[in-house]
Each structure stands twice: as structure tokens, then as C-alpha cells.
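Keep in mind it's a predicted model, so treat the numbers as computed, not measured. In what follows, chains carry the letters A, B, and so on, assigned in the order in which the sequence lines appear, proteins first and then strands, with residues in each chain numbered from 1. Just the heavy atoms: all of them, side chains too, but no hydrogens, waters or symmetry mates, feed the values below.
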Number of protein chains: 2
Amino acid sequence: MTEIDTRLRILDAAESLFTRYGFEATTLRQITGAAEVNLAAVNYHFGSKEELIREVFRRRLTWLNQQRLQELDRLEAEAGGKPLKPSQILEAFFGVALKMAADADGGGRSFMRLLGRTYSKPSEFVRGFLAEEYAAVLARFKSALVRALPGVPGEEILWRFHFMLGAMSYAIAGTDALHIVAEDALDDSDAQALYARLMSFMLGGLRAPLPVLQAGSAKRPRAKAAA
Amino acid sequence: MTEIDTRLRILDAAESLFTRYGFEATTLRQITGAAEVNLAAVNYHFGSKEELIREVFRRRLTWLNQQRLQELDRLEAEAGGKPLKPSQILEAFFGVALKMAADADGGGRSFMRLLGRTYSKPSEFVRGFLAEEYAAVLARFKSALVRALPGVPGEEILWRFHFMLGAMSYAIAGTDALHIVAEDALDDSDAQALYARLMSFMLGGLRAPLPVLQAGSAKRPRAKAAA
DNA sequence: GTATAATTCATACAATCGTTTAAAACATAC
DNA sequence: GTATGTTTTAAACGATTGTATGAATTATAC
């Protein structure tokens with residue numbers, strides 16, 4: 001077994017187990033057991049459990065965001081200066097993710113579910129890394145959306161982006177609190193239907209009439225307590 | 001210190017710590033330390049850590065869902081047989097939750113963030129309990145929405161409800177992956193603005209044009225969706 | 001008051017955690 | 001072949017985990 005082989009086996013096993021049980025509940029012995037490598041291999045190849053977690057994210061997230069930016073680049077080049085349609089922008093961002101989530105073989109599905117749940121529980125030390133990985137991507141997509149939706153202020157775009165991330169996260173995680181999705185079955189037609197459903201929902205929300213905000217709630221430098 | 005006092009102190013401390021660190025990462029010693037009670041008090045009053053977790057949820061969730069149903073009852077009684085407006089239904093469901101989330105004193109805020117992240121990570125033994133608590137509520141709200149939106153099939157309603165739960169969860173959890181919300185500051189006007197933003201987004205998504213599903217992806221009888 | 005039950009307390013338990021170590025096994029270069 | 005550097009291995013480390021115990025304390029009933 002070559003070095004790179006061992007590293008990959010650990011990453012794959014960790015990704016899968018993290019998805020199922022979370023970071024803290026997953027032990028190194030589970031991981032090395034599933035990967036069929038020695039217990040000490042994790043600390044030898046990654047240094048620590050925390051670094052392993054970071055690497056599990058980095059491996060897929062970097063690639064995912066590259067794909068997103070690349071797709072956005074392509075669309076904007078095609079449009080030749082004209083604003084894109086909102087649906088195109090959303091497809092560039094969420095389409096890539098959902099395609100990854102639907103890819104059972106590549107293991108991307110497991111990762112996307114892990115990612116979705118991690119957004120809402122940034123475990124201290126992944127938070128900084130996550131924000132860093134997303135900063136550039138978010139900025140690009142925000143400005144594209146601002147151009148595509150002249151009537152919607154930038155801050156509102158950000159919020160709606162946030163909401164859309166939540167919707168996508170739940171869609172992928174497929175929490176069966178609602179008994180809609182079988183935990184581990186998501187075939188091609190299911191994935192396509194889910195994608196279509198999510199996309200129409202998001203577009204509706206993105207283009208919704210602006211909320212009527214109270215006069216007093218204009219953003220001021222935060223410090224105040226409840227009024 | 002009376003018995004009920006100790007129980008409450010433990011529940012409050014656990015809720016807060018679970019929110020910050022998650023279930024597994026929170027130790028009984030942290031909880032009893034924060035609650036200023038003896039370590040053995042948890043096992044004495046709750047039997048085990050798992051039962052404590054369940055009780056943390058039960059305490060607030062039961063009340064929350066009662067409020068939701070009560071509010072829906074009130075609206076339907078007022079409407080006297082006529083379908084409600086979608087916005088009214090959403091307000092009954094999400095408004096109560098967001099009001100709870102904005103209530104800093106009552107401690108509901110901490111719980112709502114905990115709940116939001118738990119949806120996407122049903123830790124084996126909370127899953128069943130969670131689904132059970134939600135079954136009746138979901139059924140009521142689904143049928144109300146179906147009546148309110150004659151053009152949208154029931155299955156689509158369920159999916160969109162799922163998406164809305166995700167959006168709300170992220171909104172409350174306030175993951176600062178997007179650097180929008182300060183982790184622990186959400187005053188009254190912020191909460192109101194968030195509520196307005198989320199509501200308009202959701203309504204837009206709920207009333208969006210139906211997705212065009214591929215012909216081949218017609219649902220085969222999968223284990224039935226929640227009745 | 002005393003007796004009985006409920007609660008708190010300090011302490012200990014076995015189990016499991018992430019990590020470390022030093023030797024064994026393997027690879028590569030000369 | 002030997003020598004050198006890398007990877008794997010089995011075993012152990014101290015620390016921390018959830019839980020259990022029995023005595024001390026407090027509350028309740030008589």
C-alpha cells in the first residue's frame with residue numbers, strides 16, 4: 001500500500017464517517033478501522049485529528065468552488081457584458097453542488113451532506129477556514145446577482161443567498177424529519193427532480209417582493225441592546 | 001436548592017452548551033459546572049446524558065408546536081371555512097419560532113439555534129423523537145397550505161416546506177460563514193428585519209412557478225410521505 | 001423531637017479518547 | 001549487496017469520558 005493510497009483511504013473513510021456521526025463522535029479508531037490502516041497512520045500523515053478534518057474539507061471544497069467560479073466565468077464570457085439571468089447564476093452555484101451531491105461513485109454525495117450540516121455548526125476551527133474558502137466565491141456571485149436583479153439591494157441579496165444555502169443544505173441532507181427522502185437512496189431521476197424543485201423555489205424567493213422593513217431598523221454600528 | 005431548581009439549572013446550562021459545542025463535544029462536567037450543581041446530579045435527575053438531551057428538546061419543542069397549532073386553530077376559526085392566506089400560515093409556523101428565537105431572556109434563542117442545526121444531524125436517537133413531535137404539526141400545516149395554494153400539489157408543498165425549514169434554520173443559526181450576523185447579538189429590530197426578510201423570501205419560494213419535472217421522474221410509490 | 005425519604009456530595013470506576021513511541025517492514029539509491 | 005529514508009506496526013501513554021457508589025446532607029412526615 002503506497003503512501004498516497006493510505007492517505008486517500010483515510011480521507012474517504014473519514015468523510016463517510018463524519019457524515020454519519022459528526023466530527024466529535026467519530027473516533028480515529030473507527031476511521032482507521034474502516035480504512036483498514038493502522039491507527040497511527042492518521043497522526044503520521046495528517047498530524048492530528050483536527051488537521052484531518054480540515055483536509056477532508058479542503059480536498060473537495062476547493063475543487064467545488066473552483067468549478068463554481070469557472071462556470072460563472074464561462075457564463076459571463078458568453079453573455080459578453082450583459083447581466084446574466086438569475087437562473088443561470090443559481091445554476092452555476094447550486095447546480096455544481098447538486099451534481100456533486102448526486103455523484104454516488106465519486107463520494108461527493110457524502111461530502112455535500114457533511115458540508116451542509118457543517119455550515120450550521122462551524123466547529124470553531126473549521127469556521128475560519130470555511131469563511132476563507134468562501135469569501136471570494138461569495139463576492140463574485142453576489143455581484144453577479146446584484147447585476148442580474150437591479151431592484152434588489154446588495155444586503156438583501158446576501159440574506160437571500162444565506163436562505164438559499166439553508167434550503168440547499170436541507171435538500172441535500174435530506175433530513176427525514178419530513179419522511180420525504182430515504183436516507184441513502186437518491187437515484188438520478190430523484191436528483192434531477194430535487195434539483196428542479198429546489199431551483200424553482202430559490203428563484204421564487206430570490207425574486208420575491210422586497211420585505212417592508214421597519215423604519216428604525218436601518219443598520220447602525222452594532223453595540224446596542226434590545227430597544 | 002430544591003429539586004426542580006437543580007433540574008432547571010441543568011437543562012438551561014445544557015441547552016446553552018449544546019448550542020455552542022454540540023452534543024458530543026459537551027461534557028457532563030461542563031454542564032454541571034456551568035449549572036453549579038454536582039456532577040452526579042445529571043444521572044440522578046435524568047438517568048443518562050442521552051435522556052438529558054431528549055429532555056432539553058422535549059421541554060421547548062412540545063411547547064413550540066402547541067403554540068403553532070393553537071395559532072393555526074385561531075386563524076382557521078377566524079376565517080370561518082375559507083382558505084387562509086399563505087402568509088398567515090407561514091406566520092403561524094415560523095413566526096412563533098422566530099419570536100422564540102428572538103427572546104433572549106427566556107433562553108429560547110439558544111434553543112432555536114440548537115434545533116436548527118439538529119434537523120440536519122439527527123443523532124440517531126433524537127431522530128425518532130423529533131419526527132414524532134413533528135408529525136401532527138406538519139400534517140396540519142401541509143393541509144392548510146394545500147388549501148391555500150390550489151395550484152401547488154401536495155408533494156410540492158412538502159418539499160417547499162422542507163426548503164423553508166432549511167432557510168429558517170440557517171437564518172436563526174446565523175452561520176457567519178457569510179459574515180452577516182454577529183454570533184451572539186440579535187436585538188429586537190434585527191430580529192424583526194430578519195423575520196421580514198425570511199418571510200418574503202419564503203413566500204416567494206412557496207408561490208413560485210412549478211418546476212418542470214422530467215417525464216421519467218414521475219414518483220413511483222415510495223414509502224408514503226407524511227400523511 | 002425522631003424516623004424516613006429525597007437529594008447532594010466527593011470520590012472512584014472502567015472504558016475510551018487522541019497521541020506518542022520505538023522497533024519492524026518496506027522502498028529507493030548507490 | 002549495503003545504506004538511507006520512508007511508511008507501517010503493535011503497544012502504551014496520560015487524560016478525559018459517562019456512570020456508579022456510599023456516605024453526608026437536607027427535606028418531609030409523624
Under 4.0 angstrom between Thr6(B) side-chain N/O and dT8(C) OP1 or OP2: yes
In terms of ring plane angle, is the pair Phe18(A) and Phe23(A) parallel, tilted or perpendicular, where the classes change at 30° and 60°? perpendicular
Between C1' on dT8(C) and CZ on Arg9(B), what's the gap in Å once rounded to a whole number? 13 Å
Take atom CG of Asn38(A) and atom P of dT20(C), then tell me their distance rounded to the nearest Å. 15 Å
Does Ser110(B) form a side-chain hydrogen bond (donor to acceptor under 3.5 Å, both in side chains) with Thr19(B)? I'd like the steps, not just the answer. CA-CA 6 Å; Ser110(B) 183; Thr19(B) 304; 2.9 Å; yes
Check the distance between dG18(D)'s C1' and Glu24(A)'s CD and give it to me in whole angstrom. 16 Å
Nearest to the side chain of Arg29(A) - dG18(C), dG18(D), dT8(C)? dG18(C)
From NE2 of His45(B) across to P of dG18(D) the rounded distance in Å is 18 Å
For atom CZ of Phe23(A) and atom C1' of dG18(C), their distance in whole Å: 17 Å
Taking dT7(D), dT19(D), dG18(C) as options, the one with an atom nearest any side-chain atom of Leu28(A) is dG18(C)
Test item: side-chain donor near acceptor, Arg54(A) and Ser48(A), under 3.5 Å: no
Which of dT21(D), dG18(C), dT21(C) is nearest the side chain of Thr27(A)? It is dG18(C)
Polar contact flag, side-chain donor to acceptor under 3.5 angstrom, Thr32(A)-Arg9(A): no
Quickly work out the Lys49(B) NZ to dT19(D) C1' distance and round it to whole Å. 12 Å
Base, sugar-phosphate, or nothing for Ala40(B), non-hydrogen atoms under 4.0 angstrom? base
So Thr26(B), base contact, sugar-phosphate only, or nothing? Heavy-atom distance under 4.0 Å. sugar-phosphate
Once you measure the plane-to-plane angle for Phe93(A) and Phe161(A), does it fall in the parallel (<30°), tilted (30-60°) or perpendicular (>60°) bin? perpendicular
Candidate nucleotides dT6(D), dA10(D), dT8(C), ranked by approach to the side chain of Tyr44(A) - the nearest: dT6(D)
Rounding to an integer number of Å, can you tell me how far Arg7(B) CZ sits from dA6(C) P? 15 Å
Quick check for you: among dA20(D), dT21(C), dT8(D), whose closest atom lies nearest to any side-chain atom of Asn43(B)? dA20(D)
From CD of Gln30(A) across to P of dA15(C) the rounded distance in Å is 18 Å
Checking dT9(D), dA12(D), dT19(D) against the side chain of Ser48(B) (C-beta onward), the nearest is dT19(D)
